[in-house]
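Atom set for the values below is all heavy atoms of this structure, side chains included, hydrogens, waters and symmetry mates excluded. In what follows, chains carry the letters A, B, and so on, assigned in the order in which the sequence lines appear, proteins first and then strands, with residues in each chain numbered from 1.
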Protein chains: 2
Amino acid sequence: MPPVVMRQWFPRYDRSMSESRVPESDEAPPAPGQVTVELSAAIVAATPAGPSVLALRGEGGGAPGLPSGPLEATHRTLEAGLRSWVAEQTRQELGHVEQLYTFGDRDRTACDPGVRALSIGYLALVREARPAGSADAAWEGWYRWFPWEDRRDGQPAALDRLEARLVAWADSGATAGARQLRRDRLAATFGTGGDGWIEDRVLERYELLYGAGLVSEAGAPPGVGEGSVMRADHRRILATAIGRLRGKIKYRPIVFELMPPAFTFLQLQQTVEGLAGIRLHKPNFRRLVEQQGLVEETGEVTTETGGRPARLLRFRSEVLLERPAPGLRLPRPRQPAA
Amino acid sequence: MPPVVMRQWFPRYDRSMSESRVPESDEAPPAPGQVTVELSAAIVAATPAGPSVLALRGEGGGAPGLPSGPLEATHRTLEAGLRSWVAEQTRQELGHVEQLYTFGDRDRTACDPGVRALSIGYLALVREARPAGSADAAWEGWYRWFPWEDRRDGQPAALDRLEARLVAWADSGATAGARQLRRDRLAATFGTGGDGWIEDRVLERYELLYGAGLVSEAGAPPGVGEGSVMRADHRRILATAIGRLRGKIKYRPIVFELMPPAFTFLQLQQTVEGLAGIRLHKPNFRRLVEQQGLVEETGEVTTETGGRPARLLRFRSEVLLERPAPGLRLPRPRQPAA
DNA sequence: CTCCTTATACTCCGATCGAGTATTTCAGAG
DNA sequence: CTCTGAAATACTCGATCGGAGTATAAGGAG
């Protein structure tokens with residue numbers, strides 16, 4: 001996968017940055033039997049090269065993580081708590097925010113087993129990937145952590161490597177029944193061989209890879225797994241975020257939360273392609289967006305795109321009131337008739 | 001709405017019941033600043049008359065609630081904790097279980113404000129609505145709590161009553177801008193007038209009604225709101241469950257988790273209609289199910305349906321591996337050309 | 001002026017799906 | 001035994017959706 005170039009839709013953005021306070025984790029050590037709650041956000045922005053998330057450098061050379069912090073008594077709502085941590089650690093103005101999932105497996109939190117660590121993951125979308133806001137925060141292409149999820153240029157090499165090892169994993173089941181079960185699960189999540197690939201099932205694929213020991217873990221020697229490592233369960237949260245976003249663009253006009261106020265058809269298409277990790281047919285995508293009434297022309301054009309000047313569009317927020325499910329149905333290659 | 005008749009697909013089920021232990025809530029009073037976690041399940045079963053949930057009678061004449069209990073240190077995972085509470089309080093064998101949402105607003109928990117009460121809601125599906133398992137548990141049609149959500153026999157009277165009051169609520173906004181915002185939100189969630197009604201948005205509708213003070217609350221005089229009351233935030237969890245289920249049947253074959261091993265087309269259709277709260281076109285539903293390859297014939301027929309004997313079907317679980325999104329697309333009446 | 005690049009417009013055609021109608025097959029009443 | 005009603009099942013029509021391909025327009029660089 002080519003490195004994500006951080007050219008922005010809005011390259012001219014420039015605002016004074018200020019450093020953020022690192023959360024102090026030594027406020028009160030949790031007593032045994034108690035519950036701690038961590039709020040984490042996968043903050044996503046779109047760039048021409050693909051979607052990016054805001055990652056915080058790990059302390060002391062550790063694995064990077066998502067912006068996060070503990071739930072505190074002062075937070076009126078969970079989302080408010082999340083927003084306050086994000087505001088403190090980054091300089092982003094969050095647009096759409098939604099809760100993803102609450103993780104709480106006892107055996108998957110490496111730390112003190114006497115304390116129950118709940119982790120509530122959130123997805124947040126921002127319109128422009130501003131300068132990260134602190135020296136510890138940086139925008140990174142999200143496929144860095146999920147290289148097998150990017151099928152825009154055909155099946156990625158990472159997936160080629162993984163597939164062989166996944167088959168080996170399936171065949172290493174203890175009993176014949178277990179092997180069949182593993183093969184079935186493999187077929188359902190990875191679609192075996194590229195056809196039948198379902199973009200949404202990011203978390204299911206990650207969990208399968210995790211169970212099969214095929215993703216890198218913090219502390220493991222390099223090369224043993226695919227993709228970069230994240231702190232705690234943050235990579236799992238990111239997988240959930242990607243899956244949710246991929247699923248949701250199909251039935252809600254959520255992509256526009258990632259777009260600047262005015263954009264071209266191709267920019268919109270490339271954003272969707274980046275999110276979904278697949279390529280789309282240009283004329284059909286155009287027609288789809290047009291006839292869905294999701295956008296309207298601003299009247300202006302831009303010549304920044306290279307060839308013929310492109311008309312600029314804006315999102316028609318009225319569709320939220322008009323149409324029932326104004327999403328961008330992703331085309332699925334039609335099966336040849338049986 | 002006619003009262004839900006508890007005739008079962010499986011009326012012949014008969015197993016010795018045993019009383020369940022009521023959870024002791026006095027194990028250790030939470031200290032200020034601490035976090036408590038309650039796990040609650042909306043357990044859903046399908047009956048010919050419509051979907052039902054298992055409700056626990058409220059103690060001392062209080063409002064009924066969902067099976068639930070606090071997260072404990074012995075629970076390995078959140079789902080395991082939920083299952084153990086459900087096993088203790090009911091006699092149901094849960095099939096599909098999925099996490100819905102974590103609620104944690106400080107101001108919406110009526111009890112001790114010093115303690116943060118998290119509430120993690122789950123959706124669970126069971127194949128047969130067995131006898132409730134304890135004298136305190138009972139199956140209830142879910143539209144009892146959401147009468148405005150049942151559009152199977154046209155727009156329900158409850159919604160008629162509500163609409164007038166919702167418009168009044170919208171028009172009582174402080175500023176012109178607030179009024180427009182309220183009208184827009186109303187249009188988006190309720191579809192104003194019946195067309196544009198989107199089944200999934202159950203929670204959004206409930207939250208709007210809640211905010212407008214139009215749903216019954218515990219302790220309020222009868223008649224002030226529509227629908228029955230539930231303990232704590234359990235009604236909110238149920239709203240989330242209904243919405244999730246309605247959304248999910250469209251892209252995953254989840255209805256079959258509610259069906260007995262063999263069933264007829266009409267039973268399947270009525271189950272879907274009950275869940276979605278709308279009526280479907282019989283021949284088209286048939287064709288849809290057939291050509292989707294979701295079911296296969298068992299070879300047997302049943303005469304219990306009244307007229308011509310109906311063939312019995314079973315779910316083809318293989319489709320989970322074959323097809324990408326094997327859901328039951330719900331038909332949406334086509335708009336007359338503009 | 002040529003060529004390259006991108007934007008935009010249009011066509012074809014199979015598959016989908018809403019809507020309606022006709023036919024079969026049983027149970028039970030007369 | 002026959003009629004009747006209820007439900008199951010089968011078939012048709014036509015609009016539209018949407019995948020795939022191709023053609024044309026309009027700028028910039030050389």
Side-chain angles (χ1 to χ4, degrees), chain A residues 9 48 195 250-251 262-273 276 278-313 323-338, chain B residues 9 48 195 250-251 262-273 276 278-313 323-338:
Chain A
W9 296 138
D195 199 62
K250 290 175 206 157
Y251 61 94
F263 49 86
T264 69
F265 268 115
L266 190 58
Q267 285 174 336
L268 181 63
Q269 180 178 345
Q270 285 172 341
T271 302
V272 173
E273 287 177 336
I278 54 176
R279 287 255 171 260
L280 302 174
H281 188 275
K282 189 143 110 178
N284 288 350
F285 180 81
R286 226 189 150 68
R287 177 180 60 186
L288 179 71
V289 174
E290 272 171 343
Q291 73 187 15
Q292 289 259 83
L294 293 169
V295 297
E296 64 192 353
E297 297 181 16
T298 65
E300 289 163 27
V301 294
T302 175
T303 60
E304 289 175 5
T305 50
R308 172 174 171 178
R311 283 181 273 194
L312 285 171
L313 311 169
R323 295 180 94 317
L328 289 170
R329 288 185 280 282
L330 302 186
R332 188 164 297 290
R334 191 159 278 169
Q335 307 281 6
Chain B
W9 297 136
D195 200 63
K250 289 176 207 156
Y251 60 94
F263 49 87
T264 69
F265 267 116
L266 190 59
Q267 284 174 336
L268 181 63
Q269 180 178 345
Q270 285 172 341
T271 303
V272 173
E273 286 177 336
I278 53 175
R279 288 255 171 259
L280 303 174
H281 187 273
K282 190 143 109 177
N284 288 349
F285 181 81
R286 237 189 136 67
R287 178 179 60 187
L288 180 71
V289 175
E290 272 171 342
Q291 73 188 13
Q292 288 259 86
L294 292 170
V295 297
E296 64 192 353
E297 297 181 16
T298 65
E300 289 163 26
V301 294
T302 177
T303 61
E304 289 176 4
T305 49
R308 172 174 170 178
R311 284 181 273 195
L312 284 172
L313 310 170
R323 296 179 97 316
L328 289 171
R329 287 185 282 283
L330 302 186
R332 189 163 295 291
R334 194 160 275 168
Q335 306 282 1

Query raised in the report: Roughly how many Å is it from CZ in A:Arg279 to C1' in D:dA20, rounded to a whole number?
Result: 18 Å
Report summary line: Whole-Å distance, A:Gln291 CD to C:dT8 C1', equals 15 Å
Report task. Could you check B:Gln292, B:Gln291, B:Glu290 and say which one makes a side chain to side chain contact (heavy atoms under 4.5 Å, CB included) with B:Leu294? Result -> B:Gln292
Query - side-chain N/O B:Arg311 vs D:dA10 OP1/OP2, d < 4.0 Å - result: yes
Query raised in the report: Between atom CD in B:Gln269 and atom C1' in D:dA8, what is the gap in whole Å?
Result: 12 Å
Requested in this report: Report the distance from atom CZ of A:Phe285 to atom P of D:dG18, rounded to the nearest whole Å.
Outcome: 13 Å
Report task. On DNA chain D, check which nucleotide each of B:Lys282 and A:Arg308 is closest to and give me the residue with the more 5' one. Result -> B:Lys282
Report task. Starting from the 5' end of DNA chain C, give me the residue, A:Glu290 or B:Pro309, whose nearest nucleotide shows up first. Result -> A:Glu290
Query raised in the report: For B:Glu297 and D:dT9, what is the distance between atoms CD and C1' respectively, to the nearest whole Å?
Result: 11 Å
Query raised in the report: What's the CZ-C1' distance between B:Arg287 and D:dT9, to the nearest Å?
Result: 14 Å
**Report entry** Side chain B:Glu273, main chain B:Leu280, donor-acceptor under 3.5 Å
**Finding:** yes
Query raised in the report: Nearest-Å distance, CG (A:Leu266) to P (C:dA7)?
Result: 4 Å
Query raised in the report: For B:Ala310 and A:Asn284, take the nucleotide of DNA chain D holding the closest heavy atom to each; which residue's nucleotide lies nearer the 5' end?
Result: B:Ala310
Query raised in the report: Between B:Arg286 and B:Phe265, which heavy-atom pair has the shortest distance, and what is it?
Result: NH1-CD1, 3.3 Å
**Report entry** Rounded distance in Å - CZ (A:Arg286) to C1' (C:dT11)
**Finding:** 16 Å
Requested in this report: Would you state whether a donor and an acceptor, one from the side chain of A:His281 and one from the base of D:dG18, lie under 3.5 Å apart?
Outcome: no
Query raised in the report: Does the side chain of B:Leu313 come within less than 4.5 Å of B:Leu268's, by heavy atoms?
Result: no
